[in-house]
Novice: 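I'd like to ask some things about the structure below.
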There are 2 protein chains.
Amino acid sequence: MILEAATKLASIEGVHGLTIGRLAEETGISKSGLYAHFGSKEQLQLEVIQAAGAIVEREVVLPALEEPEGLSRLEATIANFFSYVERLVFPGGCFFSSLLAEVDARPGPIHEVVAAGQKQASAEWVGLVREAQASGELNRKADADQIGFELEAAMTQSNYLYVLYGDPVALERGRQAVRRILGAAKPKPKKR
Amino acid sequence: MILEAATKLASIEGVHGLTIGRLAEETGISKSGLYAHFGSKEQLQLEVIQAAGAIVEREVVLPALEEPEGLSRLEATIANFFSYVERLVFPGGCFFSSLLAEVDARPGPIHEVVAAGQKQASAEWVGLVREAQASGELNRKADADQIGFELEAAMTQSNYLYVLYGDPVALERGRQAVRRILGAAKPKPKKR
DNA sequence: CCTACCGATCGGTAGG
DNA sequence: CCTACCGATCGGTAGG
């Protein structure tokens, strides 16, 4: 419950903008009580990132596993992402989009964790694309890494603009971009 | 010169992470000397944003005006953006990509300035697309707003991943995405 | 532009 | 988990 409050604060102010004092206020626990739990601010930041990862897993990744492997699972995961942004599961929008922009230029252990996590997330998107290629629903000759990049770009941009303007049209543009990207990767129907 | 140092600091730490003390250290001017210039931290932040805007104008927008209106000017502006990121004109990458992510969820005067600036930047991209449509180099029936969104998405994502990993392949993915977006918007050649 | 200073808050610790 | 406290730094001001 401490970590949930911390993820919400950090999604708005960033993991560096998050302070132990503010978190103490928010949770009603004293600062030194929080130090008893986390030991240091950096440890708190790392645990917050981990907790946010579990929330994204629960909101975006896992529910899509009910869909059969292939294009429908890929599309369901994407739909879950847009819904997760739209419902403001984190008040600052997608936690990891914000985090990436915050720490990309700041060296240190958090940078390493985020770079590794981003690499894994990208690999998961590419994996979903490849599954849709394996089932023949997407062209096997398409560049899965490139498609993964373009899908992430559309989702990320939607997230930022939606949070900035509060206007769902940003989400609609992202969904439309996704349709265009996947549409272009569909195999040409064979003439018969 | 003070503002240039400040834009560099802010591109890494953010405009909220920027402190008068750090800037005093960096420039050799005393804190109260800086207050004599800017009056308050918020005023400094606003002037830093304006100074960064002038740099982007100089690096990305203006040089492309030598190209003729239409597709070549659009493509030149995009190429200038990628170059501006690649050369790390700001050590944290594109100043406004970072800024957008930093302030999108924080209400206040800076949020308003950034939202207005982002709206204008988007309108400029869409304007360049429309010019390429007017010259017949892009399909007149294409959705210019949607294309603008997708172009910005590709550029933004490239910026974040390039700064995070330091790997130019992120830029290559963005350039490839741009080619795909513009390629799909080119008019079908008439049969003759 | 400076020195000198303000109260508030930062991350963190002692001792319980 | 708490109270009480530490030195450092924050944004900002007085007075020159």
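Reminder, nothing fancy here: chain letters follow the sequence lines and each chain counts from 1.
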Novice: Does the protein touch nucleotides 1-16 of chain D at the base, only the backbone, or not at all? Give it as B, S and - per nucleotide, heavy atoms under 4.0 Å.
Specialist: BBB------SBBBB--
Novice: List for me each residue that meets ring pair (Phe, Tyr, Trp, His ring centres under 6.0 Å) alongside Tyr160(B), sequence neighbours excluded, and say none if there are none.
Specialist: Tyr160(A)
Novice: Where are the stems of DNA chain C, defined as at least 3 consecutive Watson-Crick or wobble G-U pairs with both distances under 3.5 Å?
Specialist: C:1-16 with D:1-16
Novice: Quick one: hydrophobic cluster around Leu62(B), which other residues, with the 4.5 Å side-chain cut-off, linked directly or via members?
Specialist: Leu65(B)
Novice: Taking only residues two or more places apart in sequence or in another chain, which ones pass salt bridge (Lys or Arg N to Asp or Glu O under 4.0 Å) with Arg175(B)?
Specialist: Glu86(B), Glu172(B)
Novice: Quick one: list whatever passes ring pair (Phe, Tyr, Trp, His ring centres under 6.0 Å) with Phe96(B), sequence neighbours left out.
Specialist: none
Novice: For Phe95(A), enumerate each residue passing the ring pair (Phe, Tyr, Trp, His ring centres under 6.0 Å) test, keeping only those at least two apart in sequence or located in another chain.
Specialist: Phe90(A)
Novice: Show me the pairs that pass salt bridge (charged side-chain N to carboxylate O under 4.0 Å, His left out) and involve residues 16-25 of chain A, at least two apart or across chains.
Specialist: Arg22(A)-Glu25(A), Arg22(A)-Glu26(A)
Novice: Going by the rule salt bridge (Lys or Arg N to Asp or Glu O under 4.0 Å), which residues pair with Glu75(B) if we only count those two or more places apart in sequence or in a different chain?
Specialist: none
